[in-house]
**Q** 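Please see the structure below; I have some questions.
Any value given below was found using the heavy atoms of this structure, including those in side chains, with hydrogens, waters and symmetry copies removed.
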Amino acid sequence: METPASRAAAVLVRAQNPDGGWGYLSGGSWTEPTALALLSLKGEDRAGEARGRASAYLRTLQRPDGGWPPHRSVARSTWVTALAVLALGEELDGAKLGAAVGWLLRVRGRESGFWHRLRLRLLGVDRGPGEGEGWPWFGETAAWVTPTAMTILALLKVRPRGLAAGADERLSAARRYLWSRMCQDGGWNHGSTRALGYDAPSYPETTGAALLALRGDRPPELPRALAAAERHFRECRSSSGRNWLRLGLAAHARLVPGPAEDEPPARGVMDTALSLLAERTGAGRDPLTE
């Protein structure tokens, strides 16, 4: 019997490129959609060959510094390293995994610099000493919510295999970073809670991703964050936003309805992979932690 999950898996398999990767919509392969597609197909019996080719492709992209570039043509490792580690996990041998984790732990945001803090003060944003430390999209730039959330998930996924010294402290600082970036309305945006003296609104996708990474946390702010996510879910009209919210709410045992007749359509590989991840998580199998 065909299910939403089996339909999404079939769509992904058909969209796979000959090299084993995926593009965002069509065309050449990129690390981000390939990692999410590979992750979402875990456990799909009829996708074994597709997963094998995707894993082989993704492993060839790891750079000598341990990280992954967003595309084969890019000579720089970026935040997508977290997605590659999350997708490959146990498929990386000890040396490759150690190099990847080492790269993640070396990369830091630039929030501690004087000029960056002065700029935030001028914009009306005053960060306290307990704000923690997140991860940036690119090295030597400011940290943001999405790369921080994805890196937390990646490090937790491979934690049973042993992490480098200092990883637990970094994970704790990253959680503090996310809580310090919670908007006044209870959700998260890309990372700025105030701009030009005004409270900044949160977004569905980043709210879901932050809650997903904060699985297990129970601070006083959690009820407000969950309420914001549920409010976003009722109002959101994008497939990506709804599925990130499903994943984030499920991480805190707040289940939401699966796809309905009026569900926003999936647009491309990323949306399809996220819908499959949400379906599998709702069915009790979580590729993000398995």
**Q** Just wondering, do R46 and S6 contact through their side chains at under 4.5 Å, heavy atoms?
**A**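 Yes - at least one pair of side-chain heavy atoms lies under 4.5 Å apart.
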**Q** Identify whether L25 and V269 are in the same connected component of the hydrophobic contact network (ILVMFWY, side-chain heavy atoms under 4.5 Å).
**A**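 Hydrophobic grouping puts L25 apart from V269.
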**Q** Taking 4.0 angstrom as the limit, do E91 and R51 come out as a salt bridge?
**A**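 Result for this pair is yes, salt bridge flagged.
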**Q** Would one find more than 12 heavy atoms of other residues, nucleotides or ligands at under 6.0 Å from atom CD of E49?
**A**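 For E49, atom CD is not crowded (no more than 12 foreign heavy atoms under 6.0 Å).
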**Q** Under the criterion side chain to side chain contact (heavy atoms under 4.5 Å, CB included), I'd like the reasoning laid out for R181 against H190: C-alpha separation, chi angles, the key distance, then a yes or no.
**A** CA-CA 9 Å; R181 293 312 195 271; H190 294 302; over 6 Å; no
**Q** Are side-chain heavy atoms of N189 and C183 found at a separation under 4.5 Å?
**A**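 Yes, their side chains come closer than 4.5 Å.
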**Q** List the atom of G186, the atom of R224, and the distance in Å for their closest heavy-atom pair.
**A**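 Shortest heavy-atom contact: N-NH1, 3.7 Å.
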**Q** For the atom pair CG (L39) and CG (L277), what is the distance rounded to the nearest 0.5 Å?
**A**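 Between atom CG of L39 and atom CG of L277 there are 5.0 Å.
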**Q** Please, which pairs that meet side-chain hydrogen bond (donor to acceptor under 3.5 Å, both in side chains) have at least one residue in residues 206-215, sequence neighbours excluded?
**A**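 Residue pairs with at least one partner in residues 206-215: R215-D286.
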**Q** E90 vs K157, test: salt bridge (Lys or Arg N to Asp or Glu O under 4.0 Å). Steps then yes/no.
**A** CA-CA 9 Å; E90 66 278 1; K157 179 78 171 286; 5.2 Å; no
**Q** Are L222 and D217 close enough that some pair of their side-chain heavy atoms sits under 4.5 Å apart?
**A** no
**Q** State, with a plain yes or no, whether a side-chain heavy atom of D271 is found less than 4.5 Å away from one of N243.
**A** no
**Q** Strictly distance-based, threshold 3.5 Å: is any side-chain N or O of T34 a donor or acceptor partner for the main-chain N or O of W22?
**A**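 It does hold such a pair.
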**Q** Give the minimum heavy-atom separation between P204 and G241, together with the two atoms involved.
**A**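 Closest pair (atom of P204, atom of G241, distance): CB-CA, 4.0 Å.
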**Q** If you look at every heavy atom in A37 and S40, which pair is closest and at what distance?
**A**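 Heavy-atom minimum between the residues: O-OG, 2.9 Å.
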**Q** Using every non-hydrogen atom in the two residues, find where A251 and L211 come nearest and quote the distance to one decimal.
**A** CB-O, 4.1 Å
**Q** If I compare all heavy atoms of H232 with all of S202, which pair ends up nearest, and what's the gap?
**A**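 Closest approach of H232 to S202: NE2-OG, 2.8 Å.
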**Q** W188 and W179: ring-ring contact (aromatic ring centres under 6.0 Å, His included), yes or no, with the steps?
**A** CA-CA 9 Å; W188 283 262; W179 286 116; 5.5 Å; yes
**Q** Could you list the residues that satisfy salt bridge (Lys or Arg N to Asp or Glu O under 4.0 Å) with E279, not counting sequence neighbours?
**A**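 So E279 forms no salt bridge (Lys or Arg N to Asp or Glu O under 4.0 Å) with any residue.
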**Q** Counting C-beta onward and ignoring hydrogens, is there a side-chain heavy-atom pair between Q184 and T193 closer than 4.5 Å?
**A** no
**Q** For R175 versus A213, what's the shortest heavy-atom pair and its separation?
**A**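 So the two residues come closest at NE-O, 4.5 Å.
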**Q** Given the rule that I, L, V, M, F, W and Y join up when any side-chain heavy atoms are under 4.5 Å apart, are V145 and W137 in one cluster?
**A**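 Yes, V145 and W137 fall within the same hydrophobic cluster.
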**Q** Answer yes when R176 and E169 have at least one side-chain N-carboxylate O distance shorter than 4.0 Å, and no when they do not.
**A**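 So R176 does not pair with E169 through a salt bridge.
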**Q** Contact between W79 and T151 at the side-chain level, heavy atoms closer than 4.5 Å - yes or no?
**A** no
**Q** How long is the straight-line distance from NZ of K42 back to CG of L276, given to the nearest 0.5 Å?
**A** 13.0 Å
**Q** Can L212 be reached from L226 by stepping across I, L, V, M, F, W or Y side chains whose heavy atoms are under 4.5 Å apart?
**A** yes
**Q** Just by modelled atom types, is the C236 backbone N or O under 3.5 Å from a matching donor or acceptor in the R242 side chain?
**A**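 Yes.
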**Q** Please enumerate all residues that pass salt bridge (Lys or Arg N to Asp or Glu O under 4.0 Å) together with R53, with sequence neighbours excluded.
**A**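 Residues passing salt bridge (Lys or Arg N to Asp or Glu O under 4.0 Å) with R53: none at all.
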**Q** Out of curiosity, R7 CZ to S275 OG, how far, rounded to the nearest 0.5 Å?
**A**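 So the CZ of R7 and the OG of S275 are separated by 10.0 Å.
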**Q** Could you give the distance from CH2 (W135) to CE (M150), rounded to the nearest 0.5 Å?
**A**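 It is 12.0 Å, given to the nearest 0.5 Å.
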**Q** Report the distance from atom OG1 of T31 to atom CZ of R72, rounding to the nearest 0.5 Å.
**A** 9.0 Å
**Q** Please tell me whether H71 and W30 form a close aromatic pair, meaning their ring centres lie under 6.0 Å apart.
**A** yes
**Q** Does R267, at its CZ atom, have more than 12 non-hydrogen atoms belonging to other residues, nucleotides or ligands within less than 6.0 Å?
**A** no
**Q** For residues 81-89, please give each side-chain donor-acceptor pair under 3.5 Å, one per line with the distance, not counting sequence neighbours.
**A**
from: T81; atom 1: OG1; to: W68; atom 2: N; distance (Å): 2.8
from: T81; atom 1: OG1; to: T78; atom 2: O; distance (Å): 2.9

**Q** Same cluster for V11 and V13 if Ile/Leu/Val/Met/Phe/Trp/Tyr side chains link at under 4.5 Å?
**A** no
**Q** Is R76 positioned over the aromatic face of F138, cation under 6.0 angstrom from the ring centre and no more than 45 degrees off axis?
**A**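 No.
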**Q** Evaluate the side chain to side chain contact (heavy atoms under 4.5 Å, CB included) criterion for residues L12 and L41: first the C-alpha distance (whole Å), next the side-chain angles of each, then the deciding distance (0.1 Å), finally the verdict.
**A** CA-CA 8 Å; L12 288 176; L41 289 171; 4.2 Å; yes
**Q** L214, L171: one ILVMFWY side-chain cluster at the under-4.5 Å cut-off?
**A** yes
**Q** Should D168 and R159 count as side-chain neighbours, where that means a heavy-atom distance under 4.5 Å?
**A**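 Counting from C-beta outward, D168 and R159 do come under 4.5 Å.
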**Q** Got a donor-acceptor contact below 3.5 angstrom from the Q62 side chain to the K96 backbone?
**A**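 Side chain of Q62 to backbone of K96: a pair is present.
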**Q** Going by salt bridge (Lys or Arg N to Asp or Glu O under 4.0 Å), name the residues that satisfy it together with D19, two or more places apart in sequence or in a different chain.
**A** none
**Q** Any salt bridge (Lys or Arg N to Asp or Glu O under 4.0 Å) involving residues 228-239? Give me the pairs, sequence neighbours left out, ordered by first then second residue.
**A** E230-R254
**Q** Would a distance-only check, ignoring hydrogens and angles, find a side-chain to backbone donor-acceptor pair under 3.5 Å from N17 to G20?
**A**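 Checked: no pair found.
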**Q** Salt-bridge test for E140 and R108: reply yes if a basic N is under 4.0 Å from a carboxylate O, no otherwise.
**A**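 Result for this pair is no, no salt bridge flagged.
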**Q** Could you measure the distance from the OG atom of S240 to the CE atom of M270? Nearest 0.5 Å is fine.
**A**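 Reported to 0.5 Å precision, the distance equals 7.0 Å.
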**Q** I'd like to check W103 versus R63 (side-chain heavy atoms, cut-off strictly below 4.5 Å). Are they in contact?
**A** no
